[in-house]
Amino acid sequence: MNQITESIINEIKTVVCGKDTVVAQALTAILAGGHILMEDVPGVGKTTLAIAFSKTMGLNYGRVQFTPDVLPSDITGFSIYDQNTNTMKYQPGAVFHNLFLADELNRASTRTQSALLEAMEEGNVTVDGNTYILPKPFTVIATQNPTGASGTSLLPDSQIDRFMVRLSIGYPSPEAEKAMLESRKNGENPMDSIRKVCDVNAIISMQAEVNNVFVHEKVADYIVELMNKTREHKDLARGGSPRATLALTQMAKSCAFLNGRNYVVPSDVAKVFVPVIAHRLMLTPEAEVNNRHAAQIAQEILKDTVAPKI
């Protein structure tokens, strides 16, 4: 891990206590150029995590609290008539930021969800026949309440597949929760003391280095074997897509970069396999009745697959 990435993680840890693994996975996804789905109960620090990343990485930050009345044009932008020039003038939408937090995305209408997910996939938006490029780097952190939360519409499986990883912060340990209270005594807010350690150009440079990380043929075979096993598993009605294969490879390359290497080893793949694949798996009805979970099945596949020696 280089000095910049280590400093980023240390700054985030001052406001997100006891969640080192989630912080590292989120940074891995950002440097991999992917988008993050945070699925968790309200109040555990999802928004705090996103704001902390934007501040310490020098990223332009935007947020929308999604509700059923948020329109697609609120996200992508719209054209209005300019009387001074007698032309239509484009007004950029909320998505035009380096780091965009889509808070409670599952409360939005399906049309609004689709507008955001299209922007995530294409890296641009099209309004009235004109295409507008989103800033680089561009990362979406979308939060989704768990199944059964009031007033929600869970993202369709085909759209969830567009997120590189799904992460869950979870409740803090008693020690971490006490540390959180200590950091806020006397009305202090640790977010105010977060230090900017890099800028947009540094992030773009690190993403380029991630893209150049070498993947040995044996590691590529390992990735493909893992994906094929998700498609053949008796408890899965649907396994990982080719997009998942690309996402796993990119995350493994980013993991290697964060560990100071310019080549991927099998342990990099193993470390990121579950957060990359679990949200893409669809269980059979029998597996659901037996209380099986996608993450559990992914762990079993990983355990049963022999990693190559390189």
Side-chain angles (χ1 to χ4, degrees), residues 1-40 42-66 94-105 116 119-120 123 134-144 162-170 172 176 179-180 183-184 189-210 247 250-251 254-255 257-259 272 275-276:
M1 187 175 296
N2 63 37
Q3 185 176 356
I4 294 177
T5 54
E6 186 176 1
S7 296
I8 290 171
I9 289 177
N10 288 336
E11 290 296 317
I12 302 295
K13 285 162 62 175
T14 63
V15 293
V16 181
C17 301
K19 298 297 177 181
D20 297 3
T21 299
V22 175
V23 171
Q25 289 174 337
L27 179 58
T28 304
I30 292 173
L31 296 183
H35 305 292
I36 303 166
L37 179 63
M38 303 288 295
E39 187 173 283
D40 222 324
V44 294
K46 300 184 295 292
T47 302
T48 299
L49 181 70
I51 296 174
F53 268 114
S54 69
K55 293 188 71 171
T56 194
M57 298 175 80
L59 300 175
N60 187 291
Y61 170 77
R63 175 192 177 191
V64 168
Q65 181 70 46
F66 281 83
V95 77
F96 281 82
H97 293 88
N98 298 123
L99 181 60
F100 178 66
L101 175 62
D103 217 350
E104 294 187 301
L105 181 57
L116 174 61
M120 290 165 47
L134 294 171
K136 295 185 185 304
F138 174 63
T139 298
V140 170
I141 298 180
T143 70
Q144 173 171 270
R162 301 190 185 192
F163 289 94
M164 184 169 281
V165 294
R166 180 181 64 183
L167 305 177
S168 177
I169 295 178
M180 179 188 71
S183 68
R184 286 163 174 79
N189 185 351
M191 189 70 75
D192 296 334
S193 61
I194 279 195
R195 183 172 55 94
K196 176 182 173 181
V197 300
C198 64
D199 58 15
V200 168
N201 292 330
I203 302 303
I204 293 174
S205 176
M206 286 190 288
Q207 288 179 338
E209 289 186 56
V210 168
Q250 192 69 5
M251 278 289 288
S254 184
C255 184
F257 171 78
L258 284 172
N259 283 281
V272 300
V276 168

Next item on the list: Might you work through the side-chain contact (heavy atoms from CB on, under 4.5 Å) test for Met206 and Asn2, ending with a clear yes or no?
Entry: CA-CA 10 Å; Met206 286 190 288; Asn2 63 37; 4.1 Å; yes
Margin query: Between Ile4 and Ile8, does the side-chain contact (heavy atoms from CB on, under 4.5 Å) criterion hold? Intermediate values first, please.
Written below: CA-CA 6 Å; Ile4 294 177; Ile8 290 171; 4.0 Å; yes
Check: Checking side-chain contact (heavy atoms from CB on, under 4.5 Å) for the pair Leu134/Phe96: CA distance, chi angles, key distance, verdict?
Finding: CA-CA 6 Å; Leu134 294 171; Phe96 281 82; 3.8 Å; yes
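In terms of modelled atom types and a separation under 3.5 Å, the side chain of Thr143 and the main chain of Glu104 share a donor-acceptor contact. At distances below 3.5 Å, at least one donor-acceptor pair connects side-chain atoms of Thr28 with backbone N or O atoms of Ala24. No donor-acceptor pair closer than 3.5 Å links the side chain of Thr56 to the backbone N or O of Ala52. Of the possible donor and acceptor atoms, one in the side chain of Gln207 sits under 3.5 Å from a partner among the backbone N and O of Ile30. A distance-only check finds no donor-acceptor pair linking the side chain of Asn60 to the backbone of His97 [under 3.5 Å]. Formation of a donor-acceptor pair under 3.5 Å by the Lys136 side chain with backbone atoms of Ile204 is not found in this model. Judged purely by atom type and a 3.5 angstrom limit, Gln144 has no side-chain atom pairing as donor or acceptor with the backbone of Glu39.
Thr5 contributes atom OG1, which lies 7.5 Å from atom CG of Leu31 (distance to the nearest 0.5 angstrom). How far CG of Leu27 is from CD1 of Ile36: 9.0 Å, rounded to the nearest 0.5 Å. Here CD of Gln25 is found 11.5 Å from OG of Ser254. Values are rounded to the nearest 0.5 Å. Here the straight-line distance linking atom CD1 of Ile12 with atom CD1 of Ile51 works out to 11.0 Å at 0.5 Å rounding.
Residues in residues 2-40 take part in these ring pair (Phe, Tyr, Trp, His ring centres under 6.0 Å) pairs, two or more places apart or across chains: His35-Phe138. Here side-chain hydrogen bond (donor to acceptor under 3.5 Å, both in side chains) pairs that include residues 42-52, with residues two or more places apart or in two chains, are Thr47-Asp103.
Within the 4.5 Å cutoff, the side chain of Thr14 has no heavy atoms near those of the Ser183 side chain.
Annotation: side-chain contact (heavy atoms from CB on, under 4.5 Å) contacts of Asp20 (sequence neighbours excluded): Lys13.
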